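Report on one structure; see the data block that follows.
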Amino acid sequence: MKTWLPPLILLALLVALPHAGPLFHAWLPDLSHPLYWRTSFTELALSHALLVATATVVAVVVGLSLGILATRPAGRSLLPTVRAVAVIGQTFPPVAVLAIAVPLLGFGAAPTLLALSLYGVLPVLGQTVAGLDQVPVSALHAADGMGYGRWRRLWEVELPLAAGPIMAGVRLSAIVSVGTATIGSAVGAATLGAPIVEGLVGNNTAYVVQGALLVGALALTVDGLLGFVENRIRRPPA
Amino acid sequence: MIEFDHVHKAFGNHVVIEDLSLRVEDGEFFVLVGPSGSGKSTLLRTVNRLTHIDRGQVRVHGKDVATQPIEALRRGIGYAIQSVGLFPHRTVAENIAAVPHLLRWPQKQIDERVAELMALLKLDEPGMADRYPDTLSGGQAQRVGVARALAARPKIVLMDEPFGALDPLTRESLQASVKAIQKETGTTILFVTHDMDEAFRLGDRVALMLDGRLAQVGTPLELIRSPADERVNEFVGGTRAYLRELAVRCVRDSMRRDESADGDAIAPGATLQEALGLMLEKRRDRLAVAGGGAILLADIVARPR
Amino acid sequence: MTAMAQPSRASALLHERGRLPVVVLGAVGLFASLAMAFLHVAPNRLLSGHPASPHIALLAAAWLVTVAAGFWRGGALFALLLTLGLPFLAGHDAARLLQHAPPTTRIQLGAGFWTLWLAAALLLLDRLRHLRIAWRVAAWLFIVAACVAGAMAGAFSDLGLVREWQAQRGAFTDALATHVTLSLVTLGIALAAGAPLGYLAWRKRRAGGAVLGVLAFLQTVPSLALFALLIGPFAWLARAWPALGALGFGGTGAAPAVFALVLYALLPVVRYTVAGLDAVPADAREAARGLGMTRGQVLLGIQLPLGWPVLLAGLRIVAVQTIGLAAVAALIGAGGMGRFVFLGIGQGATDMVLLGTLAIIVLALAADLLFQGLMAFTGRRA
């Protein structure tokens with residue numbers, strides 16, 4: 001139930017809000033524009049979701065690879081440095097990464113995507129390392145003794161056992177991305193933050209509420225779906 | 001057959017195995033016994049190359065293990081460890097099938113072998129095959145571990161203190177199972193333990209390792225009766241050694257065929273330890289032996305012929 | 001004598017004494033020296049400039065020497081020199097580049113500088129790992145002290161970043177003060193409200209689970225949305241009770257920001273309070289009760305001393321998170337360094353954006369280190 005409610009609410013909002021003009025007008029009669037009209041909500045939602053999805057895919061590919069490499073015997077000496085980067089990087093506020101990306105790439109979706117991808121790598125990297133570390137040593141030793149090759153052992157023993165924590169990292173990365181992409185509309189990205197930002201600038205509470213409801217529903221949808229996947233991974237199907 | 005040829009291994013400055021040569025024959029149940037830190041586990045691991053040696057050679061079936069492709073070597077040697085190391089994300093059946101799966105056996109063959117091993121190791125509780133390791137008791141988990149080591153019918157099985165973490169009853173049961181399986185299949189087993197009783201109960205031959213060297217190699221009786229030096233004697237147990245000896249010697253070797261006794265009879269294949277136990281229970285100093293003859297308390301104490 | 005199947009000579013060389021980080025970071029440093037812009041020369045604070053890398057050969061050579069040192073004897077000293085020297089080099093270059101340039105010219109730190117500096121700092125971190133903690137702290141303190149001394153002596157005053165700070169000093173200090181105040185107030189309220197809430201959640205597990213669920217749900221809501229949503233209710237409150245308006249409870253501004261920040265901070269506080277209370281196992285508590293201690297005595301005498309470090313760990317997370325989120329609060333008029341950042345983005349003034357961003361990052365890192373220090377301190381005493 002918890003998983004399917006937010007997507008339903010999101011869909012309901014996307015369908016209903018474009019027609020909710022009169023409702024907002026009744027609530028806030030002083031507003032000349034009670035309904036956000038610049039871009040359709042659906043377009044904004046899709047663009048937002050696409051940004052988050054792309055960034056998360058990049059984050060998983062980079063974070064997972066780096067995490068695996070750092071935990072191999074060949075890369076062990078690099079592990080403390082990798083950990084330090086993950087820890088220090090996560091101390092940076094996501095806003096900071098976004099702000100730095102703007103001078104580099106200008107306005108729009110590009111800096112937002114860069115910031116989301118860069119920042120999204122960190123939780124995945126941190127959780128990959130932590131997840132691979134907590135695989136029981138005796139299982140690994142037994143696998144070595146039985147003749148599992150290194151890559152086979154990674155694929156059949158280490159990754160399945162680390163999948164739960166790794167998925168938690170992916171989920172965290174996605175949620176942070178949803179939030180940062182919202183702020184990204186302040187630098188020109190077309191996301192559900194646009195109505196909020198425009199509402200804040202123009203003192204239009206209706207815009208703000210519309211944007212906030214949608215982005216909240218999107219965030220909960222993403223969290224619910226990924227949480228569902230995480231739980232399925234953590235509990236082996238009986 | 002396993003041969004250790006002047007094997008030497010040190011970790012940094014600490015010498016763990018010192019110029020050790022040893023030969024384990026085919027079909028033997030060979031036990032490496034010694035205190036912690038004596039190097040026995042390390043020596044075991046040189047056979048499947050989980051540990052690299054500094055000098056010398058280790059040969060399996062006459063071929064240097066260093067020259068063989070490492071995974072093929074390990075898939076042909078069974079390996080069971082104290083912490084078992086079952087894969088938590090796989091069922092009991094899948095765990096046992098691990099090496100046959102790696103060797104690409106046909107699925108039907110794998111399924112048959114898994115069923116066979118589960119019966120052999122007394123894992124015959126209904127539904128056991130689909131259970132996950134975290135639902136198993138220590139004894140059951142170790143049985144699965146042993147089954148997994150035997151699954152691909154290896155000619156050699158390495159066992160590193162597999163029963164150390166189990167309670168005495170479970171341990172005895174598993175020891176009996178493994179001993180019986182070894183006798184039936186003729187597998188060569190190289191078994192490491194620090195428990196002298198276990199060594200003497202299981203081993204055809206026993207090697208006592210002290211400080212990286214072989215203090216003595218021989219049958220359990222040889223170690224008890226003719227210890228090579230004071231340290232071996234101390235380790236084998238002094239007075240306790242004679243009690244241990246009772247676990248190895250049989251009634252049929254010490255009984256009197258021309259005498260008789262009444263009451264419950266004891267089997268001729270039973271150990272003198274069991275006979276003494278029975279005598280203490282019945283508060284008698286003589287027991288009847290099944291099939292004729294008797295055994296007296298004096299026979300147990302007498303010097304072996 | 002057999003040669004066991006050892007890893008190849010090359011990889012053995014790499015992995016002995018942890019040389020891989022030196023090689024990787026050295027390669028990054030070399031690439032950055034050769035291919036990335038060290039500085040940018042911009043005609044004024046609003047336009048972007050052309051790249052300038054006056055010391056390609058010097059930097060590349062310095063990195064090669066450092067890598068070689070890392071291979072043979074450690075290289076910590078070289079990494080220290082690089083980490084310390086790069087800012088001074090940039091300052092020196094800026095002074096030189098400005099000598100014959102029009103007065104509005106701004107020298108901006110390029111991607112090359114930042115990459116080089118990051119690589120040098122990471123390398124230093126790695127090389128220091130083998131030393132005792134006293135040496136490590138001393139090395140970093142030395143760098144900070146030298147940079148501060150250099151700054152006071154004017155070594156960096158020709159960099160665009162510093163020029164911007166000098167030009168906007170008043171606004172900067174105000175924003176910094178606001179940011180710190182927002183964070184501290186949030187931390188205080190979150191602790192005052194969250195700790196008792198955590199205690200209740202711990203006592204009544206099922207209700208506690210529900211509370212944690214609600215708080216976790218709040219955490220997924222994007223910060224901007226929550227900030228923005230609260231404006232309406234707060235504005236309504238200020239209208240309904242003008243007395244609150246006098247207190248500063250406007251629609252926009254600090255009040256809704258702090259409220260939202262506290263909501264976000266509650267989850268870690270409650271969660272870590274529960275974890276801290278759990279730090280003393282049930283049987284130890286039972287034994288204490290059996291000895292005749294009241295619940296309060298057990299709480300204050302046993303659970304608090306033992307659970308306090310756990311709570312500190314949670315507060316560390318809250319502090320860093322709050323500093324970051326407070327930057328977003330600027331968008332609803334709460335002030336703080338975020339205002340600097342977004343104003344800069346709006347104007348296209350890279351230096352201003354960088355100044356604000358760096359300030360936020362330094363604040364977050366400082367808070368993190370402060371709490372780490374607190375944790376180490378209390379840990380030793382416990």
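The shown structure was predicted, so the numbers you read here are calculated from the model rather than taken from an experiment. Below, chain A is the first sequence line, B the second, and so on; all start at residue 1.
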Inset, instruction - Mind listing the closest non-hydrogen atom pair of Gly216(A) and Pro222(C) along with its distance? - result: CA-CD, 4.4 Å

Legend entry - Side chain / backbone / both / neither for Val102(A) at chain C, heavy atoms under 4.5 Å: side chain

Inset, instruction - Name the option with the most non-hydrogen atom pairs under 4.5 Å to chain A; the candidates are Gly346(C), Ala228(C), Ala111(C). - result: Ala228(C)

Legend entry - Most contacts with chain A, counted as non-hydrogen pairs under 4.5 angstrom, among Val221(C), Leu125(C), Leu229(C), Ile323(C): Leu229(C)

Legend entry - From CG (Leu226(C)) to OG1 (Thr182(A)), nearest 0.5 Å: 11.5 Å

Inset, instruction - Any chance you could measure Leu20(C), atom CG, to Leu78(A), atom CG, to the nearest 0.5 Å? - result: 5.0 Å

Legend entry - Region of Thr220(C) in contact with chain A, defined by heavy-atom distances below 4.5 Å: both

Inset, instruction - Select one option (side chain, backbone, both, neither) describing which atoms of Ile183(A) are under 4.5 Å from chain C's heavy atoms. - result: both

Legend entry - Enclosure of Arg316(C) CZ (heavy-atom neighbours >12, cutoff 6.0 Å): yes

Legend entry - Max heavy-atom pair count under 4.5 Å with chain C, selected residue of Val208(A), Thr81(A), Asp223(A): Thr81(A)

Legend entry - Residue, of Leu331(C), Leu358(C), Leu123(C), that accumulates the most heavy atom pairs under 4.5 Å with chain A: Leu331(C)

Legend entry - Residue pair Ile332(C) / Leu200(A), side-chain heavy-atom distance below 4.5 Å: yes

Inset, instruction - Search all heavy atoms of Val353(C) against all heavy atoms of Ala99(A) and return the closest pair with its distance. - result: CG1-O, 3.5 Å

Inset, instruction - Side chain from CB out, backbone as N, CA, C, O: work out which of these in Phe217(C) comes under 4.5 Å of a heavy atom of chain A, or both, or neither. - result: both

Legend entry - When Ala327(C), Pro21(C), Ala225(C) are compared by non-hydrogen pairs under 4.5 Å with chain A, the top option: Pro21(C)

Legend entry - Exercise: identify the closest heavy-atom pair between Val95(A) and Gly324(C): CG2-O, 4.3 Å

Inset, instruction - May I ask you to name which of Leu25(C), Leu363(C), Ile345(C), Ile360(C) has the most heavy-atom pairs under 4.5 Å with chain A? - result: Ile345(C)

Inset, instruction - Please state whether the side chain, the backbone, both or neither of Ile175(A) comes within less than 4.5 Å of a heavy atom of chain C. - result: side chain

Legend entry - Contacting moiety of Val82(A), where chain C heavy atoms sit under 4.5 Å: neither

Legend entry - Most contacts with chain A, counted as non-hydrogen pairs under 4.5 angstrom, among Ile361(C), Ile317(C), Val320(C): Ile361(C)

Inset, instruction - Enter the distance from Ile196(A):CD1 to Leu224(C):CG here, rounded to the nearest 0.5 Å. - result: 5.0 Å

Inset, instruction - Decide if atom CZ of Arg129(C) counts as having more than 12 heavy atoms of other residues, nucleotides or ligands within a radius under 6.0 Å. - result: yes

Legend entry - Enclosure of Asn203(A) CG (heavy-atom neighbours >12, cutoff 6.0 Å): no

Inset, instruction - Check each atom of Val215(A) against the heavy atoms of chain C and say whether the ones under 4.5 Å are side chain, backbone, both or neither. - result: both

Legend entry - Greater than 12 external heavy atoms within 6.0 Å of Phe259(C)'s CZ: no

